[in-house]
J.: 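My structure is below; once you've seen it, I'll send some questions.
Just the heavy atoms: all of them, side chains too, but no hydrogens, waters or symmetry mates, feed the values below.
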Amino acid sequence: YLKPLDSACVAEIFASGLPTIVLEDVVEAGGLSSMMVSVALAADTPVSDFHVVALPDRFIEHGKVSDLYRLYGLDDESMLHRIQTLLGSK
């Protein structure tokens with residue numbers, strides 16, 4: 001469960017200065033990433049190097065989960081490439 005969200009943990013994550021990637025197999029709106037940003041903004045905590053991978057906010061066709069993950073970049077290979085790209089750009 002996401003609630004209640006640990007505000008101190010969120011602040012610690014953003015204060016670390018490390019790249020943060022939130023992977024959600026739901027739409028971003030109303031998910032963990034949006035709650036994290038809301039908590040940070042309410043506490044005047046700077047948010048930087050924060051990346052979200054989530055489903056688009058639209059109708060998602062039906063199919064095998066593995067196929068849908070690959071289609072939307074949530075599969076292992078896509079995530080590995082995304083992380084390598086992110087870390088390689090530092």
J.: Output yes when a side-chain donor or acceptor of S78 lies under 3.5 Å from a complementary backbone atom of D75, and no otherwise.
T.: no

J.: Can you name the closest pair of heavy atoms from A29 and S34 and give their distance?
T.: C-OG, 4.1 Å

J.: Identify whether F14 and L18 are in the same connected component of the hydrophobic contact network (ILVMFWY, side-chain heavy atoms under 4.5 Å).
T.: no

J.: Does any non-hydrogen side-chain atom of F50 lie less than 4.5 Å from one of V22?
T.: yes

J.: Begin with the C-alpha distance, continue with both residues' side-chain angles, and end with the deciding distance and a verdict on side chain to side chain contact (heavy atoms under 4.5 Å, CB included) for T20 and H51.
T.: CA-CA 6 Å; T20 302; H51 309 272; over 6 Å; no

J.: Is the shortest side-chain heavy-atom distance between V53 and R82 below 4.5 Å?
T.: yes

J.: Assess the residue pair L55 and L74 against the criterion (side chain to side chain contact (heavy atoms under 4.5 Å, CB included)); give the C-alpha distance rounded to whole Å, side-chain angles, the decisive distance to 0.1 Å, and a yes or no.
T.: CA-CA 8 Å; L55 294 172; L74 300 173; 3.6 Å; yes

J.: How long is the span from the CD atom in Q84 to the CE atom in M79, to the nearest 0.5 Å?
T.: 11.0 Å

J.: Looking at side-chain heavy atoms only, is the closest gap between I21 and L86 below 4.5 Å?
T.: yes

J.: Test side chain to side chain contact (heavy atoms under 4.5 Å, CB included) on M35 and K3; report intermediate values, then the result.
T.: CA-CA 9 Å; M35 290 184 350; K3 293 183 179 184; 3.9 Å; yes

J.: Nearest 0.5 Å, what's the CG-CG distance between D25 and L68?
T.: 11.0 Å

J.: Taking all heavy atoms of M36 and all of L5, pick out the closest pair and write down the distance.
T.: N-CD2, 3.9 Å

J.: Please report the closest heavy-atom contact between L71 and E61, naming both atoms and the distance.
T.: CD2-OE2, 3.0 Å

J.: Within this structure, what is the OH-CG distance for the pair Y69 and L23, rounded to the nearest 0.5 Å?
T.: 7.5 Å

J.: Under 4.5 Å between any side-chain heavy atoms of Y72 and P56, yes or no?
T.: yes

J.: Side chains of E24 and S33: do they bring a donor and an acceptor to under 3.5 Å?
T.: yes

